[in-house]
Number of protein chains: 2
Amino acid sequence: MATIKDVARRAGVAISTVSAVINRSAPVSDDVILRVQDAIREIGYVQHSAAKALRSGNSRLIGVIVPDITNPHFSTVARVAEKVCMEAGYMTFVYNTGEDADQEMRILQMMRMQRVAGLILISTRSDAAHGARLMSEINVPTVFLGSYVEEAPFDMITLDEDRASHLAVDYLLGLGHRDVAVISGRAGVSTNEERLNACRRAFAEHGLELRDDRIIPANFSQQQAYDGALALLAAKDRPTAIFALSNMMTIGVMRALLSLKLSCPGDVSLIGIDDFEWPEIMNPPISVVAQPIVAMTECAIRTLLDQITSKKDPVGHRTMFPPELIIRASCAPVGR
Amino acid sequence: MATIKDVARRAGVAISTVSAVINRSAPVSDDVILRVQDAIREIGYVQHSAAKALRSGNSRLIGVIVPDITNPHFSTVARVAEKVCMEAGYMTFVYNTGEDADQEMRILQMMRMQRVAGLILISTRSDAAHGARLMSEINVPTVFLGSYVEEAPFDMITLDEDRASHLAVDYLLGLGHRDVAVISGRAGVSTNEERLNACRRAFAEHGLELRDDRIIPANFSQQQAYDGALALLAAKDRPTAIFALSNMMTIGVMRALLSLKLSCPGDVSLIGIDDFEWPEIMNPPISVVAQPIVAMTECAIRTLLDQITSKKDPVGHRTMFPPELIIRASCAPVGR
DNA sequence: TTGCAGGCACGAAACGTTTCGAATAGAACA
DNA sequence: TGTTCTATTCGAAACGTTTCGTGCCTGCAA
């Protein structure tokens with residue numbers, strides 16, 4: 001492939017002059033600019049990012065690490081990240097951890113090889129041990145999105161998880177439900193811990209208690225939520241309402257309801273966190289606590305780019321976005 | 001960051017020896033291997049991909065270009081591509097065209113800058129003019145997935161589109177439907193043209209005709225399918241069945257049906273191409289012609305890697321995968 | 001006419017690797 | 001002991017850029 005040297009020869013100028021034209025990094029006469037541009041067009045020259053990155057020490061690459069791109073929530077993150085980064089002249093590297101901490105580390109290692117300029121990280125664990133591993137592997141500006149990790153003092157963009165759970169629980173209790181089960185995500189992930197603790201608080205504020213046996217662990221997995229809900233709902237003391245702490249788990253519960261031929265909201269009310277794109281085609285349309293994921297992602301990227309250009313250390317600052325309760329048809333007053 | 005030079009100094013060997021150890025590219029004594037490995041660990045050395053790519057002329061990067069990662073069909077492609085490539089020691093660059101040919105070209109340009117070793121391309125147009133532009137921009141092994149482009153003689157992995165449409169049309173006609181509307185994708189995309197032409201043929205084989213005014217263009221867009229279906233279904237001569245040529249358009253039709261309070265399959269039968277992940281939570285579960293997208297993607301990547309390593313020119317060979325008719329609850333005999 | 005500043009263009013070094021021909025050391029053989 | 005071979009190890013060039021110190025011209029002021 002043609003190199004900058006070929007362009008220089010063709011345009012009859014020095015290599016450094018071509019570089020100056022391409023990057024507008026030094027004044028060049030109009031005449032020369034034109035000659036260089038013509039030469040570039042004629043021989044079809046395209047910059048070699050690797051060479052540029054090597055010499056300039058700037059890859060202009062952003063790593064985006066998500067649990068699973070197949071989840072619409074995360075594919076939206078990927079899409080928005082790509083767009084915002086591209087506008088700023090960066091390329092994104094989107095990778096899936098599959099909720100596996102070792103895979104997360106492997107990906108971080110790859111990101112390091114690529115010398116990414118920054119990282120958007122939706123981590124699979126939040127404990128201090130994981131944080132320590134993270135800190136030893138990450139040496140670029142990083143922003144957590146949706147969750148955060150102990151001992152890893154990066155900036156974080158999250159939902160107001162406390163309010164999210166309160167919105168759902170208050171709504172359910174307000175409908176008269178007293179026996180509510182919570183389908184919980186992966187233990188040890190901040191997102192889940194915060195949502196769960198907020199549930200407990202919300203119950204307590206109503207003078208009620210969220211019993212441990214009404215917390216069904218499902219690891220954010222659709223299948224595990226299905227299995228857990230199946231057992232829960234088949235028992236004769238089934239709850240009157242279920243609150244699922246993430247979109248995939250909400251779907252799992254819905255499937256369990258359907259396979260047991262239980263009516264929703266007739267027999268059991270259901271509410272989840274994270275909105276669905278076409279709720280009306282579901283049976284029934286599910287009420288949810290939605291998070292403004294597009295705005296959150298934009299904010300995360302902006303924060304990251306800011307940190308990259310300003311070169312100032314992150315302060316571990318947390319920005320919270322407000323959740324929104326969207327009432328549809330999956331919850332009814334108890335005993336109806 | 002530490003470089004290979006630091007490792008060499010620390011281990012007391014030459015740079016080239018360190019390289020030999022890292023890449024197992026030349027025989028090195030066990031003693032030295034150990035010393036080098038220790039040194040690498042101690043100073044936390046990580047290879048610099050850009051430098052490696054520059055010198056070796058091999059980026060070990062694969063570009064994956066999809067219309068919209070937000071569509072579950074394509075996020076599956078991305079996920080599978082990432083996995084298979086990673087196993088082969090390649091990294092993937094996933095990018096969205098947003099169904100825009102100019103954006104597609106811009107992305108190709110970026111891919112070229114990155115000197116990707118190969119490309120998986122789901123193109124937004126199939127015409128010869130687009131093919132010509134493509135050929136002028138692409139200079140690496142490329143495999144088309146799902147669609148192909150005229151005048152761009154790369155290998156292609158697709159569904160057996162003819163059979164896919166036949167499966168759906170034969171099923172509908174077999175149920176007695178005579179007035180069937182087809183929601184069509186973007187004109188000029190091979191996938192859509194083939195599906196549409198196969199529809200016409202299938203009708204003809206039954207001695208029927210698919211009238212042009214029963215072909216509703218919707219550009220593969222959910223919203224356009226919704227709008228089109230709304231107009232179609234609000235008219236007093238509405239069809240008794242609808243065949244939507246892609247997953248998003250099927251959803252659009254479903255929404256139209258619901259918003260008009262039309263019963264499916266009572267009033268109108270509906271079938272689509274592409275399966276849904278949790279059909280049972282839809283109302284009703286929609287019958288579809290499914291494509292084996294995971295296997296297709298794996299095949300595409302394998303074909304590509306093969307071409308990259310064998311360095312032989314593509315022959316424009318087409319591999320077709322069989323569709324599968326999955327009957328659920330959205331189609332009923334006519335007049336019921 | 002001379003001196004000087006400023007605007008442009010140039011050349012060479014450096015970024016971190018891989019690669020390949022050459023050098024070295026020890027072993028085996030005569 | 002000298003020679004040849006083998007098994008390692010080394011050194012330097014090259015990949016395609018950017019960057020920065022130099023130097024050449026031109027024009028303007030004195």
Side-chain angles (χ1 to χ4, degrees), chain A residues 1-37 39-40 43-61 89 91 109-117 139, chain B residues 1-37 39-40 43-61 89 91 109-117 139:
Chain A
M1 277 193 67
T3 73
I4 198 174
K5 199 182 292 184
D6 302 320
V7 176
R9 193 176 318 122
R10 173 127 197 165
V13 299
I15 291 178
S16 52
T17 305
V18 177
S19 177
V21 171
I22 293 172
N23 302 297
R24 291 165 173 58
S25 55
V28 180
S29 68
D30 292 349
D31 169 52
V32 171
I33 289 181
L34 247 49
R35 285 217 318 274
V36 169
Q37 287 173 338
I40 287 176
I43 65 180
Y45 165 75
V46 177
Q47 270 195 326
H48 193 312
S49 310
K52 177 168 188 156
L54 173 60
R55 169 60 227 217
S56 69
N58 184 353
S59 67
R60 297 197 82 83
L61 248 29
M91 284 191 77
Q109 171 94 6
M110 290 179 9
M111 294 290 173
R112 216 170 151 196
M113 283 196 193
Q114 297 291 339
R115 298 295 192 275
V116 292
N139 61 344
Chain B
M1 280 195 65
T3 74
I4 198 173
K5 199 182 291 184
D6 302 319
V7 176
R9 193 176 319 121
R10 173 128 196 163
V13 300
I15 291 178
S16 52
T17 304
V18 177
S19 177
V21 171
I22 293 172
N23 301 297
R24 292 167 172 59
S25 54
V28 179
S29 67
D30 292 348
D31 169 51
V32 170
I33 290 180
L34 245 50
R35 285 215 319 274
V36 169
Q37 286 174 338
I40 288 176
I43 65 180
Y45 166 73
V46 176
Q47 269 195 327
H48 193 313
S49 312
K52 179 170 187 155
L54 174 58
R55 169 59 228 218
S56 69
N58 184 354
S59 67
R60 297 198 79 83
L61 248 29
M91 284 190 78
Q109 172 97 5
M110 290 180 9
M111 295 289 172
R112 215 170 150 194
M113 283 195 193
Q114 297 291 338
R115 298 295 193 274
V116 293
N139 61 346

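Quick note on labels: first sequence line is chain A, next is B, and so on, each numbered from 1. Just so it is clear, the values below take in all heavy atoms, side chains as well, and ignore hydrogens, waters and symmetry mates. The structure presented is a predicted model; accordingly, all values stated were derived computationally and were not measured.
- Taking atom NZ of residue B:K52 and atom P of nucleotide C:dT18, one finds them 5 Å apart after rounding to whole Å.
- With rounding to whole Å, A:H48 atom NE2 is found 17 Å from C:dG16 atom P.
- B:S19 comes within 4.0 angstrom of a nucleotide base, judged by non-hydrogen atoms across all strands.
- Mapping A:S56 and B:N23 onto DNA chain C via the closest heavy atom, the residue that lands nearer the 5' end is A:S56.
- Side-chain atoms of B:P27 lie closest to D:dT8 of the nucleotides C:dT18, D:dT8, C:dC10.
- Atom pair B:I22:CD1 and D:dT9:P shows a separation of 15 Å (rounding to whole Å applied).
- Of all nucleotides listed (C:dC10, C:dA9, C:dT18), C:dA9 comes nearest to the side chain of A:V32.
- The interatomic distance linking A:R115 (CZ) with C:dG16 (P) rounds to 8 Å, in whole Å.
- For the OP1/OP2 pair of D:dG16 and a distance below 4.0 Å, the side-chain nitrogens and oxygens of A:K5 include no atom meeting the criterion.
- A:V18 comes within contact range of no nucleotide atom at all, as no heavy-atom separation falls under 4.0 Å.
- Side-chain N/O atoms of A:S25 include none lying less than 4.0 angstrom from OP1 or OP2 on D:dT19.
- For the pair B:Q114 and B:L61, the tightest heavy-atom approach, listed with the atom from each and the gap, is O-CD2, 4.0 Å.
- In plain terms, the two heavy atoms of B:R10 and B:A39 that are nearest each other are CG-CB, 3.6 Å.
- Within 6.0 Å of atom CG in B:D31, more than 12 heavy atoms from other residues, nucleotides or ligands are found, so the atom counts as buried in its surroundings.
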Item to check | Criterion side chain to side chain contact (heavy atoms under 4.5 Å, CB included) on A:N23 and A:Q47, from CA distance to verdict | outcome: CA-CA 11 Å; A:N23 302 297; A:Q47 270 195 326; 3.8 Å; yes

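- Following rounding to the nearest Å, B:D31 (CG) and D:dA7 (P) show an atom-to-atom distance of 18 Å.
- One can place CD1 of B:I43 at 12 Å from P of C:dG16, the figure rounded to the nearest angstrom.
- Mapping B:V13 and A:L54 onto DNA chain D via the closest heavy atom, the residue that lands nearer the 5' end is B:V13.
- As judged by a 4.0 angstrom heavy-atom cut-off over every strand, B:S16 is placed among the base-contacting residues.
- Residue contacts shown for A:V36 are absent, as no nucleic acid heavy atom lies under 4.0 Å away.
- Between the base of D:dT18 and the side chain of A:R55 there is a donor-acceptor pair shorter than 3.5 Å.
- In this structure, A:T17 reaches the C:dC10 phosphate: one of its side-chain N or O atoms is under 4.0 Å from OP1 or OP2.
- Two residues are said to be in side-chain contact when any heavy atoms from C-beta on lie closer than 4.5 Å; B:M110 and A:M91 meet this criterion.
- Residue A:I4 contributes atom CD1, which lies 11 Å from atom P of D:dT19 at whole-angstrom precision.
- A straight line from CZ of B:R35 to C1' of D:dT8 spans 12 Å, rounded to a whole angstrom.
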